[in-house]
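All values reported here derive from a predicted model rather than from experimental measurement. Just so it is clear: chains get the letters A, B, ... in the order the sequence lines come, proteins before strands, and each one is counted from 1.
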Amino acid sequence: MKDTLLQLLQQAIAQLKVEGLLENDFEARLQVTHTKDKSHGDLATNLAMMLAKPIGKSPRDVAQLIINALPESQAIKKVDIAGPGFINFFMAQDAQSAVIKSVIEQSSQFGHNNVGNNKKVQVEFVSANPTGPLHVGHGRGAAVGDCICRLLNATGWDVTAEFYYNDAGQQINNLALSVQARCKNKTPDDSGWQDDWYRGEYIVDVANDYMTKASIDAEDQHVTGKGDPDDLDAIRHFAVAYLRREQDLDLKAFAVNFDNYFLESSLYEDGKVEATVNRLVDNGFTYEDGGALWLKTTDFGDDKDRVMRKKEGGFTYFVPDVAYHLDKFQRGFERVINEQGADHHSTITRVRAGLQALNQGIPQGYPEYVLHQMVTVMRGGEEVKISKRAGSYVTLRDLIDEVGRDATRYFLAARRAESQLTFDIELAKSQTNDNPVFYIQYAHARICSTLREIVKQSREYSQEIGVENLNLLTLEHETQIMDKMSQFPDLVNAAANNCEPHVIAHYLRELAALLHGYYQAGKEDESLRWIVEDNNVCQARLTLITAVRQVLANGLELLGVSAPESM
RNA sequence: GCGCCCGUAGCUCAGCUGGAUAGAGCAAUCCCCUCCUAAGGGAUAGGUCGCAGGUUCGAAUCCUGCCGGGCGCGCCA
């Protein structure tokens with residue numbers, strides 16, 4: 001419907017050029033939007049206001065010129081000039097109901113496109129170090145990152161989901177020492193327990209399994225406990241594998257999958273860190289000062305230079321980070337998107353500076369970042385801060401166990417990443433219309449239920465008859481729903497381009513509301529029910545709601561939330 | 001002090017690559033549904049879009065300066 005109109009307007013612009021009203025090389029940024037208010041028609045364009053200056057007439061006069069230049073079309077019922085110079089289009093019913101045919105034809109692909117053209121994109125997210133169970137913040141990253149993958153996938157990109165972690169740094173050392181202490185039956189209350197050791201209960205489990213020589217199979221780690229409390233290296237390997245497995249279980253429960261796990265240690269083993277440093281030195285962007293090696297990040301917009309190699313030796317964390325991103329670039333990713341907590345914001349300038357200093361033709365804005373703000377978990381108006389297992393923070397697992405995967409995913413993905421998020425446990429758990437997840441899922445289930453009901457009544461749903469009678473869908477409820485569905489493809493495209501899964505969540509709430517309202521109309525006026533005597537009307541309506549079911553399912557799929565057939 | 005993010009209805013949030021009277025849910029008040037699921041629907045009320053300037057035909061949206069909140073400012077990751 002929108003595409004048709006865009007084409008017609010292009011023709012009108014061409015016609016205006018033929019008539020000499022517009023310069024031939026003028027390129028209009030054509031915008032057609034779905035109207036908010038039905039009295040403004042179905043679609044509207046601000047073209048006249050954009051052309052007012054180049055043509056040199058008032059917007060409303062220009063609007064008339066555009067309308068005159070518009071080719072005849074069956075799709076348009078009426079055209080109005082309104083307000084400061086908007087052109088409002090009222091579309092013919094069959095142009096509106098065409099969306100139903102599109103949904104039927106494209107089915108699970110409806111809303112998808114191929115703008116990515118199968119180019120490679122990598123999304124790195126979660127990337128938690130294996131020092132404990134995932135917390136809510138990781139959960140937000142997991143939800144947002146996974147949804148971005150789904151969106152990019154739906155828009156034709158070849159997506160690689162990657163998890164990067166440090167398996168060798170000081171934090172891991174502390175982890176090993178904590179486990180070793182537990183192996184020797186020390187507790188955080190004992191003297192000698194260091195401040196930076198991990199105190200959570202889960203450390204006891206790691207220690208017990210290590211001592212009883214258990215085997216650990218994580219996605220990317222396979223280790224058997226040695227049982228020797230004095231072998232710190234063995235403890236370290238075991239603990240890393242154990243906590244990676246722990247995180248795998250959390251992610252699996254959250255329906256998040258990764259294509260690749262990348263170890264920071266591999267960058268050292270493969271000589272990539274050294275190669276990166278040499279390259280930076282060779283390119284003249286480094287200097288020595290106070291026994292340390294510095295990178296001139298100020299040459300690339302940083303507010304001060306950064307240390308690369310510490311006085312005592314050893315690189316700072318951002319050096320392997322640069323090596324890692326060079327590796328991503330060399331793996332041929334057209335785009336790289338890093339989803340991280342906003343507390344890591346300061347690394348952006350450093351990593352990008354490092355990449356530019358490598359002088360390898362890496363684009364300036366590479367990699368892209370999506371940063372999410374903090375999550376506050378509330379229960380009954382009180383902030384929840386601790387979990388028994390992890391001690392100092394609320395784990396993702398706590399949430400999934402208590403409110404379920406679907407609700408957790410929805411709530412963590414339904415906010416703009418840049419906004420701080422309040423996760424209300426009571427709300428997420430409630431099974432009423434307060435809770436958008438249930439509300440949306442119920443809309444889907446309600447349609448499924450109706451299709452079961454028709455069978456109970458010894459009738460059957462015929463898509464063929466329905467499609468033949470789409471012209472009977474003239475109720476306001478029906479046109480609103482068709483209009484809403486026709487917005488879905490643009491919405492998905494925008495959500496993917498901007499890495500904003502939350503717009504999908506909001507859209508689904510709105511579509512579900514229209515569906516419930518449509519249903520309710522039948523409660524008040526029997527002739528408006530979906531299942532009615534007149535078979536043509538009935539089939540047309542069933543075809544409509546079946547299309548709605550498909551769009552709801554497609555949207556929920558993008559969020560990784562299930563679409564139940566009954567509840 | 002510097003950098004980034006946020007500030008929209010009582011609450012939780014959309015809208016922000018400028019467009020028509022600023023939207024939704026919850027909470028509040030009132031009403032409807034013996035029916036395909038009462039796990040639903042409708043109505044009313046609720047706003048100086050943090051404040052002040054600027055840009056322009058037009059600003060919640062862009063720019064500047066303030067105010068308030070969060071995060072980050074390590075030779076930690």
Side-chain angles (χ1 to χ4, degrees), chain A residues 29 31 33 35-37 39-40 44 46 49-50 52-53 58-59 82-86 88 127 129 131 165-166 169-172 196 264 289-294 302-304 306-318 320-321 341-349 371-374 376 378 381 411 414-422 424 427 430-436 438-439 441-443 445-454 456-457 494 497-498 502-503 505-507 509-510 513 515-524 526 529-532 541-542 545 566-567:
Chain A
R29 220 175 89 232
Q31 285 181 24
T33 53
T35 56
K36 290 179 216 160
D37 184 339
S39 70
H40 296 143
N46 62 353
M49 289 179 281
M50 313 272 289
K53 226 165 218 168
S58 79
F86 289 99
N88 293 334
S127 294
N129 285 341
T131 55
Y165 66 94
N166 176 357
Q170 188 51 39
Q171 290 183 20
I172 299 300
D196 49 6
E264 182 177 348
D289 186 39
L293 181 67
W294 297 71
D302 205 352
D303 54 358
K304 54 184 169 188
R306 306 291 167 175
V307 169
M308 290 173 61
R309 193 177 53 235
K310 301 175 234 175
K311 194 164 49 183
E312 306 82 33
F315 295 109
T316 56
Y317 70 93
F318 93 91
D321 242 23
D343 53 344
H344 288 72
H345 172 261
S346 55
T347 66
I348 296 179
T349 320
L371 301 177
H372 64 258
Q373 296 287 330
M374 294 187 66
T376 309
M378 303 289 283
F411 280 92
R415 294 269 178 277
R416 297 169 61 212
E418 314 87 81
S419 295
Q420 289 175 40
L421 187 155
T422 306
D424 184 336
L427 176 61
S430 78
Q431 309 216 344
T432 66
N433 61 335
D434 305 3
N435 184 341
F438 281 86
Y439 186 82
Q441 290 182 316
Y442 178 45
R446 178 167 252 175
I447 295 165
C448 295
S449 164
T450 300
L451 294 170
R452 286 191 297 269
E453 177 64 23
I454 191 99
K456 263 189 224 157
Q457 294 187 14
N497 284 340
N498 304 326
H502 74 276
V503 302
H506 286 273
Y507 172 88
R509 179 82 183 53
E510 289 158 14
L515 191 276
H516 287 308
Y518 183 30
Y519 173 88
Q520 197 65 28
K523 293 233 168 208
E524 284 150 30
E526 219 168 285
R529 293 181 58 167
W530 300 342
I531 298 178
V532 287
R541 289 178 181 169
L542 293 179
I545 63 168
S566 64
M567 294 174 76

Atom-pair distance (CG on A:Leu427; P on B:C11), nearest Å: 16 Å
Under 3.5 Å donor-acceptor pair, A:Asp321 side-chain atoms to B:A77 base atoms: no
Distance, C1' atom - from B:G23 to B:C16, rounded to whole angstrom: 14 Å
Sugar-phosphate, base or nothing in reach of A:Ala44, heavy atoms under 4.0 Å: base
Under-4.0 Å side-chain N/O to phosphate OP1/OP2 contact, A:Lys523 with B:U34: no
Steps toward side chain to side chain contact (heavy atoms under 4.5 Å, CB included) verdict (A:Gln373, A:Arg415): CA-CA 10 Å; A:Gln373 296 287 330; A:Arg415 294 269 178 277; over 6 Å; no
Phosphate OP1/OP2 of B:C76 contacted by A:Lys310 side-chain N/O (<4.0 Å): yes
Partner nucleotide of B:C16 by Watson-Crick or wobble geometry (both distances under 3.5 Å): none
Nearest-Å distance for atom pair CZ/P, residues A:Phe411 and B:U12: 14 Å
Complementary nucleotide for B:C4 - Watson-Crick or wobble, under 3.5 Å: B:G70
Pairwise C1' distance for B:A43 and B:C49, with rounding to whole Å: 26 Å
Touch class at under 4.0 angstrom, heavy-atom based, for A:Asn46 against every strand present: base
Given B:A39, B:A20, B:G25, the nucleotide with the shortest approach to the side chain of A:Arg509: B:G25
Nucleotide paired to B:U44 in any strand shown, Watson-Crick or G-U, under 3.5 Å: B:A28
Length of the line joining A:His502:NE2 and B:A24:C1', which is rounded to integer Å: 13 Å
Touch class at under 4.0 angstrom, heavy-atom based, for A:Gln31 against every strand present: nothing
Sugar-phosphate, base or nothing in reach of A:Gly290, heavy atoms under 4.0 Å: base
RNA chain B: 5'-proximal contact among A:Ala414 and A:Ser566 (nearest heavy atom): A:Ala414
NZ/NE/NH1/NH2 to OD/OE distance under 4.0 Å, A:Arg416 and A:Glu418: yes
Distance between P atoms of B:C35 and B:A27 (Å, rounded): 24 Å
Trace of the side chain to side chain contact (heavy atoms under 4.5 Å, CB included) decision for A:Phe86 with A:Thr35: CA-CA 11 Å; A:Phe86 289 99; A:Thr35 56; over 6 Å; no
side-chain N/O A:Arg416 vs B:G15 OP1/OP2, d < 4.0 Å: yes
Which residue lies more 5' along RNA chain B, comparing A:Pro59 with A:Trp294 via nearest heavy atoms: A:Pro59
Residue-phosphate contact under 4.0 Å: A:Tyr439 side-chain N/O, B:G41 OP1/OP2: yes
Value in whole Å for how far the C1' atom of B:G18 lies from CE of A:Met49: 11 Å
Evaluation steps, side chain to side chain contact (heavy atoms under 4.5 Å, CB included), between A:His502 and A:Ser419: CA-CA 11 Å; A:His502 74 276; A:Ser419 295; over 6 Å; no
Length of the CD-P vector between A:Glu526 and B:U34, whole Å: 11 Å
C1' atoms of B:A9 and B:G15, separation to the nearest Å: 14 Å
Sugar-phosphate only, base, or nothing, as touched by A:Asn435 at under 4.0 Å among non-hydrogen atoms: nothing
Strand partner of B:A52, provided both Watson-Crick or wobble distances fall under 3.5 Å: B:U64
Check: A:Val532 and A:Arg541 side chains under 4.5 Å, non-hydrogen atoms: yes
Spacing of the P atoms in B:U29 and B:G69 (rounded, Å): 34 Å
Distance below 4.0 Å between A:Arg446 side-chain N/O and B:A38 OP1 or OP2: yes
Nearest-neighbour nucleotide for the A:His506 side chain, B:C35, B:A14, B:A77 considered: B:A14
Nucleotide of B:G74, B:C75, B:C32 approaching A:Lys304 most closely (side-chain heavy atoms): B:G74
Spacing of the P atoms in B:U44 and B:C63 (rounded, Å): 37 Å
Side-chain heavy-atom pair A:Ile454, A:Thr450 within 4.5 angstrom cut-off: no
Note, A:Val503 side chain near A:Asn498 side chain (heavy atom, < 4.5 Å): no
For B:A38, the Watson-Crick or wobble partner whose two distances fall under 3.5 Å: none
Pairing nucleotide - B:C76, Watson-Crick or G-U, each distance under 3.5 Å: none
Under 4.0 angstrom between A:Thr422 side-chain N/O and B:C13 OP1 or OP2: yes
Atom C1', compared across B:C71 and B:G25: separation rounded to whole Å: 28 Å
Per A:Thr316 side chain, nearest of listed nucleotides B:G72, B:G19, B:C75: B:C75
N/O (side chain, A:Arg415) to phosphate O (OP1/OP2, B:C6) under 4.0 Å: no
Proximity to the side chain of A:Glu418 - top-ranked nucleotide from B:C6, B:A20, B:A77: B:C6
Nearest-angstrom distance from the residue atom CD of A:Gln520 to P of B:A38: 8 Å
C1'-based separation of B:G46 from B:U12 [nearest Å]: 16 Å
Sugar-phosphate only, base, or nothing, as touched by A:Met374 at under 4.0 Å among non-hydrogen atoms: sugar-phosphate
Whole angstrom value for the distance that separates C1' of B:C35 from CD1 of A:Ile531: 11 Å
Whole-Å gap separating C1' (B:G41) and CZ (A:Arg529): 15 Å
Side chain proximity check, A:Pro436 to A:Phe411, heavy atoms < 4.5 angstrom: yes
Closest to side chain of A:Phe86, choosing from B:C16, B:A20, B:U12: B:A20
Phosphate OP1/OP2 of B:A14 contacted by A:Ser419 side-chain N/O (<4.0 Å): yes
Salt bridge flag under 4.0 Å for residues A:Glu453 and A:Lys456: yes
